[in-house]
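Here's the structure we're looking at; comments come further down.
Values below: every heavy atom of this structure, side chains too, minus hydrogens, waters and symmetry copies.
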Amino acid sequence: MYEIIKHLHSGLRWLVLLGLIYAVYDAYTKWKQNSPYNKDTKKAAFIAFNLTHTQALVGLIIYFITPRIVFGPGLMKDAIQRFFAMEHPLMMLIAITLITIGYIKGKRGIAGGSFKTIFWFYSIALLIILASIPWPWMKYGTSWY
């Protein structure tokens with residue numbers, strides 16, 4: 001069961017990244033065009049919002065069933081365990097919070113301002129996510145999928 005959820009989390013990461021990159025691009029172009037914020041123009045932000053929250057749910061499940069983290073007195077001394085137990089979840093939680101705030105504030109904004117808000121919040125969240133993913137070349141890296 002753990003392996004299935006781990007692969008789901010790893011694979012969904014690519015959809016999240018693509019969704020966020022597209023949402024940032026979409027928000028930027030619509031901000032510059034001063035497009036109205038409505039059901040048709042907010043689709044990219046909505047999809048990225050849903051993908052990141054789905055990923056967070058899968059990540060939360062993994063957090064509690066993973067054999068990779070052994071909670072105990074030496075947890076914070078081991079860099080790999082600390083990354084997966086504290087750093088990765090905390091940074092992802094911050095990114096998801098930024099995406100949520102950006103989406104909600106964007107819904108309440110006016111025409112171009114909504115997309116400006118989404119652009120900035122989603123961009124910062126994307127940078128945090130990119131910095132917090134255990135890429136294969138890092139000392140605690142995982143596979144590409």
Side-chain angles (χ1 to χ4, degrees), residues 1-69 71 75-76 78-145:
M1 181 67 162
Y2 167 72
E3 288 297 319
I4 293 170
I5 296 173
K6 184 178 88 171
H7 286 297
L8 175 64
H9 190 63
S10 294
L12 193 55
R13 130 180 77 172
W14 298 108
L15 291 177
V16 169
L17 290 175
L18 288 174
L20 275 173
I21 290 168
Y22 181 70
V24 166
Y25 168 77
D26 186 63
Y28 181 77
T29 57
K30 289 179 178 165
W31 164 32
K32 292 303 180 185
Q33 295 170 355
N34 205 21
S35 297
Y37 187 82
N38 58 40
K39 187 176 91 169
D40 295 329
T41 59
K42 70 175 185 174
K43 286 181 183 174
F46 181 71
I47 289 169
F49 174 84
N50 281 322
L51 283 171
T52 54
H53 282 79
T54 303
Q55 179 75 325
L57 180 61
V58 174
L60 189 61
I61 292 168
I62 285 180
Y63 186 77
F64 289 107
I65 67 170
T66 184
R68 179 170 273 194
I69 303 170
F71 293 98
L75 176 73
M76 298 306 277
D78 182 4
I80 295 172
Q81 290 231 356
R82 183 180 60 240
F83 175 79
F84 286 105
M86 299 296 295
E87 296 167 7
H88 177 73
L90 180 63
M91 297 305 284
M92 294 302 178
L93 182 62
I94 291 169
I96 300 258
T97 302
L98 287 172
I99 289 168
T100 303
I101 292 170
Y103 184 76
I104 291 170
K105 286 183 71 118
K107 281 176 39 176
R108 295 183 183 157
I110 56 169
S114 294
F115 291 112
K116 179 180 178 181
T117 301
I118 290 170
F119 171 76
W120 285 112
F121 275 88
Y122 279 38
S123 295
I124 294 167
L126 178 60
L127 291 175
I128 292 170
I129 289 170
L130 287 171
S132 303
I133 290 175
W135 297 107
W137 61 81
M138 297 177 156
K139 65 181 173 189
Y140 40 75
T142 57
S143 65
W144 287 104
Y145 179 77

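Here the closest heavy-atom approach between residue G106 and residue S114 is recorded as O-OG, 2.7 Å. When all heavy atoms of R82 and E87 are compared, the pair lying nearest together is NE-OE2, 2.9 Å. Of all heavy-atom pairs spanning A48 and A23, the tightest one is CB-CB, 3.8 Å. Closest non-hydrogen pair, A85 versus F71, comes out as CB-CE2, 4.4 Å. Considering all non-hydrogen atoms of both residues, A95 and A125 come closest at O-CB, 3.5 Å.
Going from atom CG of N50 over to atom OG1 of T52 covers 7.5 Å, rounded to the nearest 0.5 Å. Rounding to the nearest 0.5 Å gives a distance of 9.0 Å between CG of D26 and CD1 of I118. Taken from CZ in F46 to CG in L51, the straight-line distance is 10.0 Å, to the nearest 0.5 Å. Considering CE of M86 and CE of M76, their distance stands at 5.0 Å, rounded to 0.5 Å. In this structure, Y122 OH and Y22 OH are separated by 13.0 Å, a value rounded to the nearest 0.5 Å. In this structure, I133 CD1 and H88 NE2 are separated by 7.5 Å, a value rounded to the nearest 0.5 Å.
Taking the side-chain contact (heavy atoms from CB on, under 4.5 Å) definition, one finds that D78 meets it with I80, Q81, sequence neighbours left out. Partners of K105 by side-chain contact (heavy atoms from CB on, under 4.5 Å), not counting sequence neighbours, listed by chain and number: I101, T117, F121. Every residue two or more places apart in sequence or in another chain that forms a side-chain contact (heavy atoms from CB on, under 4.5 Å) with I65 is listed here: Y2, I5, I61.
With contacts defined as side-chain heavy-atom distances shorter than 4.5 Å, the pair L126/L17 qualifies. Within the 4.5 Å cutoff, side-chain heavy atoms of T100 are placed close to those of I96. Counting heavy atoms from C-beta on, the side chains of F84 and P134 come closer than 4.5 Å. Side-chain atoms of T29 and K32, non-hydrogen and from C-beta on, never get closer than 4.5 Å to each other.
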Practice prompt. Check the pair Y103 / K42 against side chain to side chain contact (heavy atoms under 4.5 Å, CB included), numbers first and verdict last.
Written response: CA-CA 9 Å; Y103 184 76; K42 70 175 185 174; 3.7 Å; yes

Fill in: Check against side chain to side chain contact (heavy atoms under 4.5 Å, CB included), I99 and L20
CA-CA 9 Å; I99 289 168; L20 275 173; 3.8 Å; yes

Worksheet entry | Test log, rule side chain to side chain contact (heavy atoms under 4.5 Å, CB included), inputs I4 and L8 | CA-CA 6 Å; I4 293 170; L8 175 64; 5.5 Å; no

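A donor-acceptor distance shorter than 3.5 angstrom exists from the side chain of S132 to the backbone of I128, with no hydrogens or angles considered.
Within 6.0 Å of the OH atom in Y63, the count of heavy atoms belonging to other residues, nucleotides or ligands exceeds 12.
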